[in-house]
Amino acid sequence: MTNEDVAQELEDIADLLEIADANVFRVRSFRRAVDSIAELPEDVAVLLAESRLTDVPGIGKSIARIVEELVNTGTSEEKEALLAQYPESLLEMLRISGFGPRKAAVVFRELGISTVDELEEAAAAGRLQDLPGMGAKTEDNIINSIDAYREGQQRALLGEMLPVAEDLVARLREHPDVIRAEFAGSTRRHRETVGDLDLLASSADPAGVCKWFAGLEILEELTMAGDTKVSGRLAGGRQVDLRVVAEASFGAALQYFTGSQQHNIRLRERAQRMALTVNEYGVFKADKEEKGDMVAGTAEEDVYAALDLPWIPPELREDRGEITAAEADELPELIELSDIRCDLHMHSQYSDGRATVEELARACMELGYAYIGIADHSQTLTVANGMDADRVRAQHEEIAKLNEKLKQEGTKFRVLQGIEADILSDGSVDVPEGTFELFDYVIGALHQGFSPDADKITARMVAAVKSGMIDIVAHPTGRVLLARQPYGLHIDQLIAACAEHDVALEINASPQRLDLDDTHARFAVQQGCRLSINTDAHGPESLTHMRYGVMQARRGWVEADNVINTWSLRKLRSWFKKRRS
DNA sequence: GCCGTTTTCGGCCCGACTGTTTTCAGTCG
């Protein structure tokens, strides 16, 4: 059972407990455990075997016992007992916006409704309006929400939503009554996927701005329209929320709406201990004499300062120890896009890229890089026009000529020759016979023969790492966001091997991959691995995806020196050389 | 159910909006 499976089972229990009207704090505990397990870099089974599970924040004896039961038997008594009272199909109903556990319990108890289809039918037939707390309007909303749900309300890629958020913020800023505007939420935290867009503005006339925004033609549907808050849906069903506050509260509101929810809960608990209270309008005194006195609110930095903390970068605000680190003044100095001096994984026309080597080089000079590496596919990957030995030699000559030309032009920009070599089913590396010496470096990658057997895949990759043939492991888990699960892989073993043999792990910056993810990147650095952030571009236009790779690295607490792309060409070359000797 | 620089018991973040209510519960973030 994977961590994801365990988290799902615990979430089911939390949902069922809520339907069963259990203690709200008990439910909250389960939800906290779900989050903790979902983002664990290590396998729960490993933690369990080493009795380290209760070290995880939010997991105590009871939940640890349930996890143990799940890992050993695939189910738990807790869940079975709940399923004896409520059918599992009720859980799907909770996905319907505006329809929660209370209403689910009522329709099941009163009318025996247990599926989304039955719910829709009952709402359409007007059978819900006699139930307590429901009326004709409720039925309309349920029908609309079920439509939206069926449209497929899955999360969207950050790479798709960030440009939309940037555009909407620009439009807000053009409004004459808007003082400041930003996007917040998971978009500002640069999460790899985004559920909805959270926008924030300050104004002396919040109601006027809300009214204007509610009338924008890009909102295909309006779901909520108050004097300080507007919610609607974009084409395609994506939800957008706008909040408008007074300028004096902008910093507090930005902090609040950036989240994450767990991070905010930790902050507020801390505020309570300091006799303060935090909400989206500011930080206020909570003790009797001065109750309500405002301490901070205009700037986000001031909110943290009022809580005796340095400002915490949004990417870290996930309740993963950032508040403790901030307290001790031990926040990482996160890598920035401007630290990146090269991109080492891109494809030219020598395999499946659209541009020539020179076009890629010129585009990267424009981006301000000091050098790049071309890494075309190897011969086994015929579908991607992988290079055989002859083509490797031809490319080698072309790159040498280009470097000579660049030298003549007086620039120090240089092009390295790498290769994205397939790691074959026996763990050998597909570098064409007699060409190994030509390459400045080799990237190892898995593209075919995905076995369902995690042990096999792991052994194959570890063998390649141990062979001394590869310098970087490309997109280590093989996942494609919202499309393909990672191949089964014991990533802790791969990370251990990379640390031991000084092989870098890639953070593939393609918005569809972002592989490694944030928690694995952090774990890899903790284990002593180097990382390499690369775009895997197949044309010049996707070279700018580098920013998404850097965002993911920042979420993984990664500093510039952990990433080989921040090194000078001289330093990187000597590292490659040392690895070969 | 979890947790501890007031605590091993007694707390647990905070507010907007909606729809159904005559003062508030449910849902959401």
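Numbered from 1 within each chain, the chains take letters A, B, ... in sequence-line order. Computation of the quantities below employed the complete heavy-atom set of this structure, encompassing side-chain atoms and omitting hydrogens, waters and symmetry-equivalent molecules.
Contact annotation: A/Tyr281 reaches the phosphate of B/dA16 (side-chain N/O to OP1 or OP2, under 4.0 Å). Listed pair A/Thr277 / B/dC13 fails the phosphate criterion, with no side-chain N or O lying under 4.0 Å from OP1 or OP2. Dashed line: the shortest gap from a side-chain N or O of A/Arg28 to OP1 or OP2 of B/dC13 is under 4.0 Å. Contact check, A/Thr228 against B/dC17: a side-chain N or O comes under 4.0 Å of OP1 or OP2. Side-chain N/O atoms of A/Arg268 include none lying less than 4.0 angstrom from OP1 or OP2 on B/dC13. At the phosphate of B/dC28, neither OP1 nor OP2 sits under 4.0 Å from any side-chain N or O atom of A/Gln261. When the side-chain nitrogen and oxygen atoms of A/Asn141 are compared with OP1 and OP2 of B/dG19, one or more of them lie within a distance under 4.0 Å. Phosphate proximity of B/dT20 to A/Thr138: present, with a side-chain N or O under 4.0 Å from OP1 or OP2.
A salt bridge links A/Asp12 and A/Lys79; the closest N-O separation between the charged side-chain nitrogens and carboxylate oxygens is under 4.0 Å. Taking the charged nitrogens against the carboxylate oxygens, A/Glu269 and A/Arg266 do have a contact shorter than 4.0 Å, which makes a salt bridge. For A/Arg150 and A/Glu120, the salt-bridge test passes: some basic side-chain N is under 4.0 Å from an acidic carboxylate O. Under the 4.0 Å criterion applied to side-chain N and carboxylate O atoms, A/Arg555 and A/Asp517 are not assigned as salt-bridge partners. In summary, A/Glu192 and A/Arg479 engage in a salt bridge, as defined by a charged side-chain N under 4.0 Å from a carboxylate O. Salt-bridge check for A/Arg554 with A/Glu559: failed, with every basic side-chain N at 4.0 Å or more from each acidic carboxylate O.
A/Ile96 comes within 4.0 angstrom of the backbone, heavy atoms only, and of no base. When heavy atoms are screened at a 4.0 angstrom cut-off, A/Val278 is found touching the sugar-phosphate backbone but no base atom. No engagement by A/Arg32 is indicated, since no non-hydrogen atom pair under 4.0 Å with the nucleic acid exists. Within 4.0 Å of A/Asn264, counting heavy atoms only, lies no atom of the nucleic acid at all. Contacts of A/Ser231 with the nucleic acid, taken as non-hydrogen atoms under 4.0 Å apart, are absent. Residue A/Asp227 is classed as a sugar-phosphate contact, given heavy-atom separations below 4.0 Å to backbone atoms only. Within the nucleic acid shown, A/Ala252 has no heavy atom closer than 4.0 Å to any nucleic acid atom. A/Ala225 comes within contact range of the sugar-phosphate backbone alone, with a heavy-atom separation under 4.0 Å but no base atom that close. Among the atoms of the strands shown, none is found under 4.0 Å from any heavy atom of A/Pro132. Here A/Ile59 lies in heavy-atom contact (under 4.0 Å) with sugar-phosphate atoms only.
Among the candidates A/Asn3, A/Ile59, A/Val6, the single residue satisfying the side chain to side chain contact (heavy atoms under 4.5 Å, CB included) test with A/Leu40 is A/Asn3.
Between B/dC3 and B/dT8, the distance separating the two C1' atoms is 9 Å to the nearest Å. B/dG4 and B/dC13: their P atoms are spaced 14 Å apart (whole Å). Annotation: B/dT22 and B/dC17 have their P atoms spaced 22 Å apart (nearest Å). Nucleotides B/dG19 and B/dC12 have their C1' atoms positioned 29 Å apart, rounded to a whole Å. To the nearest whole angstrom, the two P atoms, one in B/dG11 and one in B/dT7, are 14 Å apart. Rounded to a whole angstrom, the distance from the P atom of B/dT20 to that of B/dC28 is 16 Å. B/dC2 sits 24 Å from B/dT6 when the P atoms are compared, rounded to a whole Å.
Distance from the side chain of A/Arg102 is smallest for B/dT27 among the nucleotides B/dG29, B/dA16, B/dT27. Closest to the side chain of A/Glu269, from the set B/dG1, B/dG29, B/dC13, is B/dC13. Taking every side-chain heavy atom of A/Ser29 into account, B/dG1 is the closest of B/dA16, B/dG1, B/dT27. The side chain of A/Asn23 lies closest to B/dG1 when the candidates are B/dC17, B/dT20, B/dG1. Checking B/dC12, B/dT20, B/dG26 against every side-chain atom of A/Lys137, the shortest atom distance belongs to B/dT20.
Rounded to whole Å, atom C1' of B/dC3 lies 14 Å from atom CD of A/Gln272. In this structure, A/Gln129 places its CD atom 17 Å from C1' of B/dT18, rounding to the nearest Å. Atom pair A/Arg238:CZ and B/dG29:C1' shows a separation of 16 Å (rounding to whole Å applied). Here the P atom of nucleotide B/dC13 and the CD atom of A/Gln255 are 15 Å apart, to the nearest Å. The separation between A/Arg273 atom CZ and B/dT7 atom P is 13 Å, rounded to whole Å. Spacing between atom OH of A/Tyr256 and atom P of B/dC14 amounts to 10 Å, rounded to whole angstrom units. Atom C1' of nucleotide B/dC28 and atom CZ of A/Arg95 are separated by 13 Å, given to the nearest angstrom. Following rounding to the nearest Å, A/Leu128 (CG) and B/dT20 (P) show an atom-to-atom distance of 11 Å.
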Candidate pair A/Arg31 and A/Glu18, rule salt bridge (Lys or Arg N to Asp or Glu O under 4.0 Å), full reasoning: CA-CA 11 Å; A/Arg31 296 209 186 284; A/Glu18 215 168 4; 2.6 Å; yes
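Place A/Gly133 and A/Asn279 on DNA chain B by their nearest nucleotides, and A/Asn279 ends up nearer the 5' end. In terms of position on DNA chain B, the residue among A/Glu139 and A/Phe257 whose nearest nucleotide sits closer to the 5' end is A/Glu139.
One side chain, A/Glu322 or A/His263, offers a donor N or O that lies under 3.5 Å from an acceptor on the other.
Nucleotide B/dT8 is matched to nothing when pairs are restricted to Watson-Crick or G-U wobble geometry with both distances under 3.5 angstrom.
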